[in-house]
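One structure is given below, encoded as structure tokens.
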Amino acid sequence: MSSLSNLQRLESESIHILREVAASFERPVLMYSIGKDSSVLLHLAMKAFHPAKPPFPLLHVDTTWKFKEMIAFRDERVRELGLDLIVHVNEDGLRRGISPIKSGATVHTDVMKTEALKQALSLHKIDCAIGGARRDEEKSRAKERVMSFRDVNHGWNPRRQRPELWNLYNCRVNPGESVRAFPLSNWTEIDVWNYIRAESIPVVPLYFAAERPVVERDGQLIMADDERLEIKPGETVRTEKVRFRTLGCYPLTAAVRSDAADIDAVIAETRAATNSERQGRIIDFDQAASMEKKKREGYF
Amino acid sequence: MADTADSADKGLLRFLTCGSVDDGKSTLIGRLLSDAHLIHDDQVMTLKDDSKRFGTVKGGIDFALLVDGLEAEREQGITIDVAYRYFQTEKRGFIVADTPGHEQYTRNMVTGASTASLAVILVDARKGILTQTRRHTFIAHLLGIRHVLLCVNKMDLVGFAEDTFREIETGYLQFTDNLDFESVTAVPVSALNGDNVTGKSAQIPWFNGKCVLDFLETVQVDAGKDRTGARLPVQWVCRPDGDFRGFAGTVAGAILKPGDAVRIEPDGAETHIQAIENEGEKLDEAVPGQAVMVTLADHVDVARGDVIRHAESAMQTADQVQAHVVWMSENPMIPGRQYHLKLASAAARASITDLKYAININTLEHVAAKTLELNDVAVCNLSFDRRVAFDAYKDCPETGAFILIDRETNETVGAGMIDFALRRALNLTKQKLSLDKEMRAEALGQKPAVLWFTGLSGAGKSTVANIVDQKLRLAGRHTYMLDGDNVRHGLNRDLGFTDADRVENIRRIAEVAKLFVDAGMIVLVSAISPFRSDRDMARDLLQPGEFFEIHIDASLATCEARDPKGLYARARKGEIANFTGISSPYEPPAKPELRIDADTTAPEAAADLVLALLARD
């Protein structure tokens, strides 16, 4: 019997999960964060329901600190595909002047991402939020379920997770409770890139090396994406050939020096990489178990 | 999908590792990842740091910490959940389910095994085959894993002695001889030092087989499948416009092709596959595991939960099955209680009607059981509330596996593997009656109903029910009273007060009440009936609108002060076990048709509220 390749297996599994979500929940939403994993997720959702459109809207939790190119890319994709997009900003956090520069990475992420996400889920009465997180990203993610239950306060209890067997996903929740669904759970970073290449999926150009204005700060290269990034005494904005392995809020996302200007070069570089992709995420550095803490509190 | 990328051509192997903490399971995985250069530098940095803080390897890197993710596990030095690890080599992609070995984590191992096609079982060369080795092997077998790699670890501690290895290998092959594995392979290793992990060890020249990684990269696990024809459990019906009608699902069992004759289960309509599509691209075939959208040649009724299957390869359809069940919840399984069932994409209600025997997973002996506790494995008969299509798990796991979900908490409480359909219900044809329920009710000139009085002992259920009964009789209604205490003197005198017996008590009362409703009567049931799920079961037996749940809600203090039968006093003294409100829980109704505050409402007034409820209907 002919069998499926690694990527075909992963694709089928993800499509299966997306269809279970669509069939089982009343108000699902696809968390669209504009990064490469979201791009793959969106592509899979388009496939899963073709010729129909995905039967759920996209949700982008906008911290207002995303790279300009990300927002332009987002709007372009949504227009092309003819999908519904909900953009949610924590207006209260904005009024309080929360920013990644003044408030620090932890507070900013907590208020503008975690809190904002909870607001959006409650506001729109979402019973399932589909996300692009992968188990290979981080150790506490390695144990998270594909259908990951959240209590009425959006909290995650790693010690009381529902057993998840075969491909029989338990999609039942009581009112106010919800599920975070992770169709890409079993994908690795290299799978994501291989799939993007095989399927010619559009991604934000920031993933490819180009000359960009950066400052070096605490050993990390931060892109001067707009005037809000204050240049401190002794710092200079230089133009360097850089790219990003992961995308988030620009002051919190470090660039890497790279010549990988196309997908083949990015894949070659990822293969040879000696650091994991989340190293560019400044918020993850506190301590090894910090992701588990954040997730218990409702972070994606 | 275009398979241009080199790594996209590779297959994927999902395997499970099992063994106790001390066997070096996590160390083996850590070593595999590390020696295959699959660990990033920043991960090694964190690992070195963690090894100093939590590590158990003096002065060295503790590879187990790579795998043990959650904080609690790192602190306790054990693996309590299933962790999934991913790595790729030039030849294959791998998904490793790393599961704990202790008996109290059987459910985690079962979870990891459910998606694996190979089991790596570790034993300590110094200890040989232990009870736990047999347990792990049995669970792998139970979940249908057909290939085993036995890693005889810590060979360095027995001086790499061939005799020791051969003795363990021979003993293990004997043990697995009557469990139908397709392949069982043993390899001597030292995970700590890396012997025979990613390369052949110079310390073990007498071993001619493959090292662990080499074996994992080359073992064939797909051969020998194809025990059934193709099945497509329908997940989602796609109707974007009037023209297109597609059925989405993941193929199982065998290859499905356009033109294949198919039958729709469980209803039995027959047609052909018109086309198989993936994003509009027409496919020549779909292989097992592939998610597709199919269209059918004829317009037949198909909904989520149905199965499109090869016409020449029959499936079983039944509402009763025998299955192996693994219990996964701290709340015990009680025969007769209803659960949600999920089987492929089908949903139903299910209850375990007969617990035939539990299996001691250490000795494989059959033992009698009345309930199932966490981690128990048993052979059971189950009854569904509708006919469901399925295959035996050993023939097609995708259409033979199910989960059971608690109806209150929505937790996944059980996992099952179907052995076969029970034909009993089919042989027992229902006698066709010439008088039906409506005719009987009409003859009595009333609408039949069940008034179900629930509440604590001493709340006044029977008192109120008696008054209602008398008033209905005066109004010319035909009634019957089923009092919990009285029924226990006759029909239910074989039952005690354990949770299991309470469930059976209520099930029998509910069935009897249903018979009276069939006879056109108004039945008053007065029973503590402490469990919500049991009252829901009673409700489900009846037609909508026939069941009235009446909560006689008195506080425990009030009931205890009244104590008409002196039971509370005895319960407080410990003379009565499992007494509701004292040593056994009462679950109040969430949405009763009527709640009467019995602390402030006199019985006469309460009875009038019940009559008003009936009159309103």
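Reckoned from all heavy atoms, side chains included, excluding hydrogens, waters and symmetry mates.
Heavy atoms closer than 4.5 Å to chain A are found in both the backbone and the side chain of B/Ile403. Using a 4.5 Å cut-off between heavy atoms, B/Leu143 contacts chain A through its side chain alone, with no backbone atom that close. Only the backbone of B/Thr409 comes within contact range of chain A, judged by heavy atoms closer than 4.5 Å. Within the 4.5 angstrom heavy-atom criterion, only side-chain atoms of B/Phe244, from C-beta onward, approach chain A. Contact annotation for B/Arg407: neither backbone nor side-chain heavy atoms come within less than 4.5 Å of a heavy atom of chain A. Neither the backbone nor the side chain of A/Ser200 has a heavy atom closer than 4.5 Å to any heavy atom of chain B. Neither the backbone nor the side chain of B/Ala113 comes within contact range of chain A; no heavy atoms are under 4.5 Å apart.
Counting only distance, with no hydrogens or angles, the side chain of A/Ser14 and the backbone of A/Pro183 share a donor-acceptor pair below 3.5 Å.
The pair B/Lys282-B/Glu277 meets the salt-bridge criterion, with a side-chain N (NZ, NE, NH1 or NH2) lying under 4.0 Å from an Asp/Glu carboxylate O. Salt bridge annotation for B/Arg304-A/Glu20: present, with a cationic side-chain nitrogen under 4.0 angstrom from a carboxylate oxygen.
Of all the listed residues (A/Val173, A/Leu168, A/Ile15, A/Leu10), the one sharing the greatest number of non-hydrogen pairs under 4.5 Å with chain B is A/Leu168. With chain A as partner, the option from B/Val292, B/Val251, B/Thr115 having the largest number of non-hydrogen pairs under 4.5 angstrom is B/Val292. With chain A as the partner, the residue from B/Lys342, B/Gln235, B/Met328, B/Arg107 showing the most heavy-atom pairs under 4.5 Å is B/Gln235. Listed options B/Val413, B/Val237, B/Thr250 were ranked by heavy-atom pairs under 4.5 angstrom with chain A; first place goes to B/Thr250. Heavy-atom pairs under 4.5 Å with chain A were tallied for B/Ser345, B/Gly93, B/Ser329, B/Ala248; the largest tally goes to B/Ala248.
Within a 6.0 Å radius of CG in B/Asp284, other residues, nucleotides and ligands contribute 12 heavy atoms or fewer.
For the atom pair A/His154 NE2 and A/Glu177 CD, the distance stands at 11.5 Å (nearest 0.5 Å).
Cation-pi geometry between A/Arg135 and B/Tyr84 is met: the NZ or CZ atom falls under 6.0 Å from the ring centre, inside 45° of the normal.
Ring-plane geometry between A/His16 and A/Tyr169 is classed as tilted, the angle between the planes lying from 30 to 60 degrees on a 0 to 90 degree scale.
Aromatic pair A/Trp166/B/Tyr393: centroids less than 6.0 angstrom apart.
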